[in-house]
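Below: one structure, written as structure tokens.
Residue numbers start from 1 in every chain, and the chains themselves are labelled A, B, ... in the order their sequence lines are given, proteins ahead of strands.
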Amino acid sequence: MAALAPATGALRRLKQRSQFVKAARGNRAGRPAFGMQSVSVDDEAPGVGFTVTKKTGNSPERNRIRRRLRAAVTMCASDFVAGHDYVLVGRREALNEPFSRLVRDVSQAIARVHTAKPNSARPGATRAKGERNNRS
RNA sequence: CCAGUUGACCGGGUGACCGCGCUCCAGUGGGUAACUGCUGGAGGGAGGAAAGUCCGGGCUCCAUUGAAACACGGUGCCGGGUAACGUCCGGCGGGGGCGACCCCAGGGAAAGUGCCACAGAAAGCAAACCGCUUCGGUUUACCGGAGUAAGGGUGAAAGGGUGCGGUAAGAGCGCACCGCGGGCCGGGCAACCGGACCGGCACGGUAAACCCCACCGGGAGCAAGACCAAAUAGGGAUGACGCGGGGCUUGCCCCAGCCGGUUUCAAGGCCAGAUCAUCCGGGUUGGUUGCAUAAGGCGUCCUGGUAACAGGCGUCACAGAUGAAUGGUCGCCACGUAUCGCGUUUCGGCGCGGUGCCUUACAGAACCCGGCUUAUAGGUCAACUGGCAUU
RNA sequence: GCUGCCGUAGCUCAGUGGUAGAGCACCCCCUUGGUAAGGGGGAGGCCGACAGUUCAAUCCUGUCCGGCAGCA
């Protein structure tokens, strides 16, 4: 595990509701431990946000999921493309997944999100269901 | 040693690498502004329940809120402690346990009202279905009158219980004990306890039914509230108070009116729109403050008290996030659990070693305190109880 | 974070201290050549969970569990 050195790169943290709603319309990629949503924005540095729904578990479990995902993201921060926002929706599997697999999944999901064609992949992108309550 | 009761406490440790947010200090930038970015250093960073939001307070707003009555809500053996409490401590009464100990919304049912389904003769007034006894008629077992409430049956509950006497049969009709009621005496601050005496039984349950009594309580909540910045059309509708009166020294006073759950009184404020309430529409979804020195934590400490607790002394500076920090990964150790082997045994287990799994249970501060309730793997200590063995 | 409301048949809801109901849905029968509608009959519930008060609790009281609204 000592081979896993953190990649340096300036990452913005998404904090506002509108940013999450916008990202929900973008391209998606699913992994067992999380789901990723991405959209292009007018900002140099890539932005990352985390969200875990209340249905996933109680408060300590949700905190652990978010912290493990956050640690995995800092490991491969250089993989994020500038000018894009990413939202990771945490799932229960993130509690028990080995950490090395988590890191690999994050970079794979980034690649997958960018190979899919924007907009054409999700024609119903403006649907209101994206505004469901997904605060952690 | 085994089983148990009560109380108190802990609830992973350590090393390496990498990170997060806060405070202070130093340096350096940005913004119209409220404010804020970056670099370096130092410090500190979840709980016993942080939870549920069930009680009680602090604090803030409703301009302030004192007195009385009513309404509404709560509490409910007695005494104490507390800022306060439905919590806590001590005592009393009742119930459970061999015991240590545990549990109890535990005022009033002779102030009044209501209810007690079905069953049953009868459900609160006292009565009498089957009976029992006796008298009369008829006479095979039937009918009527009188007495009675022991026995049967119904029910959750049937107007004291047991025994002896007594009687036509019976009955507190009489007696003994128990229960119940009454005043008296003694102890106790009190709840209550004890004693002798009298009464001959009269008084069912339900107040987590209405109610009565005593005591307590104004409402809303940090998304309260205050400030800064930005933006918009300081918009519209409905309702309420209402376009007051008088005096004069012409900007003040008096009267009326309005302001609290309701009414009255008292102080105070407002008094004519820049008013208040509700609804609709529009803009913003930024920042600061409130915000952590407080009923604060700790102590083989001292004094008073059985105790809760109070007073004193000493000492410490100890989380402040807001898509929400307090962590992630790896190694070692400890603990737990499953399994295998060996040893031991009072056949319940215990000890040692190896391997796998879990890396812990319940669970994450959101203005802050005091409690309650609920969840919680495993472990430690103290006191006490019952049993067995030994001395 | 704070405040309020609600858990009864598969669904939508009544109900009240004394063995629980309506409408729709479901099953069977009648009607029709057949279906729908209509008529008749039937089944389906430990009234969210656990304690307490009461002779008796869906109802009264307390504590939990689950769900739904509102707030600057």
Side-chain angles (χ1 to χ4, degrees):
Chain A
M1 274 302 149
L4 274 179
T8 50
L11 284 175
R12 272 181 310 113
R13 185 73 184 276
L14 303 186
K15 290 194 170 183
Q16 296 195 356
R17 176 170 170 76
S18 56
Q19 297 172 314
F20 283 83
V21 172
K22 197 183 291 180
R25 298 193 207 140
N27 295 330
R28 297 192 172 197
R31 283 291 176 275
F34 59 90
M36 182 181 275
Q37 304 164 339
S38 172
V39 73
S40 62
V41 291
D42 296 334
D43 201 305
E44 280 295 308
V48 184
F50 304 91
T51 180
V52 188
T53 65
K54 228 169 193 173
K55 234 168 75 178
T56 311
N58 57 18
S59 177
E61 285 177 339
R62 293 200 303 272
N63 276 341
R64 265 181 72 74
I65 289 170
R66 181 160 21 80
R67 283 161 182 165
R68 293 197 81 195
L69 288 178
R70 200 176 61 201
V73 162
T74 51
M75 283 295 183
C76 50
S78 56
D79 293 348
F80 288 93
V81 179
H84 286 78
D85 275 355
Y86 303 84
V87 168
L88 275 78
V89 182
R91 292 181 186 157
R92 215 180 157 68
E93 284 73 10
L95 284 173
N96 297 319
E97 199 93 329
F99 190 71
S100 57
R101 178 126 170 249
L102 219 54
V103 175
R104 199 192 63 206
D105 277 357
V106 169
S107 36
Q108 279 183 357
I110 293 168
R112 179 166 180 101
V113 155
H114 286 287
T115 50
K117 282 206 171 179
N119 291 333
S120 63
R122 298 194 58 80
T126 55
R127 59 179 190 161
K129 276 190 177 178
E131 302 202 5
R132 265 182 308 198
N133 179 18
N134 45 6
R135 286 170 187 267
S136 58

Listed partners of A:A23 passing side-chain contact (heavy atoms from CB on, under 4.5 Å), at least two apart = A:V39, A:V87
remark   = Checking B:rG364, B:rG323, B:rG328 against the side chain of A:R68 (C-beta onward), the nearest is B:rG328
query = With rounding to whole Å, what would you report as the distance between B:rG107 and B:rG94 at their C1' atoms?
reply = 16 Å
Proximal nucleotide (of B:rG328, B:rG364, B:rA325) relative to the A:S59 side chain = B:rG364
message = Are the side chains of A:V48 and A:L88 in contact, using a 4.5 Å heavy-atom criterion?
response = yes
ask   = Pairs counted as Watson-Crick or G-U wobble with both distances under 3.5 Å: what dot-bracket string results for RNA chain C, using | for bases tied to another strand?
value = (((((((..((((....[..)))).(((((.......))))).....(((((..]....)))))))))))).
task = Determine: side-chain N/O of A:R70 to OP1/OP2 of B:rU326, distance under 4.0 Å, yes or no.
result = yes
Find every protein N or O atom lying less than 3.5 Å from an N or O atom of nucleotides 12-14 of chain B, and list the pairs.
none

query = Under the salt bridge (Lys or Arg N to Asp or Glu O under 4.0 Å) test, which residues partner A:R67, sequence neighbours left out?
reply = none
Atom C1', compared across B:rG81 and B:rA307: separation rounded to whole Å = 10 Å
query = Can you find a side chain N or O atom of A:R64 that sits less than 4.0 Å from OP1 or OP2 on B:rG328?
reply = yes
ask   = Between B:rA324, B:rG364, B:rG323, which one does the side chain of A:R66 approach most closely?
value = B:rA324
ask   = Of all the choices, B:rU326, B:rU329, B:rA325, which nucleotide is nearest to the side chain of A:N63 once you look at every atom?
value = B:rA325
request  = List in chain and number order the residues that pass side-chain contact (heavy atoms from CB on, under 4.5 Å) with A:A94, two or more places apart in sequence or in another chain; answer none if no residue qualifies.
outcome  = A:A33, A:I65
ask   = B:rA375 and B:rA100: how far apart are their P atoms, nearest whole angstrom?
value = 29 Å
message = Could you identify the nucleotide paired to B:rA307, looking across every strand shown and requiring Watson-Crick or G-U wobble geometry with both distances under 3.5 Å?
response = none
ask   = Side chains of A:D85 and A:S40: does their closest heavy-atom pair fall under 4.5 Å?
value = no
request  = Could you check if a side-chain atom of A:L69 sits within less than 4.5 angstrom of a side-chain atom of A:R66, using non-hydrogen atoms only?
outcome  = no
Whole-Å distance separating the CG atom of A:L102 from the P atom of B:rC330 = 11 Å
Separation of the P atoms in B:rA3 and B:rG351, to the nearest angstrom = 15 Å
request  = Name all residues meeting the side chain to side chain donor-acceptor pair (under 3.5 Å) criterion together with A:T56; count only those two or more places apart in sequence or in a different chain, and write none if there are none.
outcome  = A:T53
task = For B:rC175 versus B:rC192, give the span between their P atoms, rounded off to a whole number of Å.
result = 32 Å
key: N/O (side chain, A:R62) to phosphate O (OP1/OP2, B:rG364) under 4.0 Å   = no
key: Polar pair under 3.5 Å, donor/acceptor by atom type, side chain A:T74, base B:rG19   = no
key: C1' atoms of B:rA110 and B:rC212, separation to the nearest Å   = 14 Å
query = Say you pick atom C1' in B:rG144 and the same atom in B:rG160; how far apart are they, in whole Å?
reply = 36 Å
ask   = What pairs meet the salt bridge (charged side-chain N to carboxylate O under 4.0 Å, His left out) rule with one or both residues in residues 86-96 of chain A, with sequence neighbours excluded?
value = A:E61-A:R92
key: Non-neighbouring partners of A:S59 that pass side-chain contact (heavy atoms from CB on, under 4.5 Å), sequence neighbours left out   = A:R62, A:N63
query = What residues form a ring pair (Phe, Tyr, Trp, His ring centres under 6.0 Å) with A:F80, not counting sequence neighbours?
reply = A:Y86
task = Could you work out the separation of B:rG205 and B:rA157 based on their P atoms and round it to a whole Å?
result = 15 Å
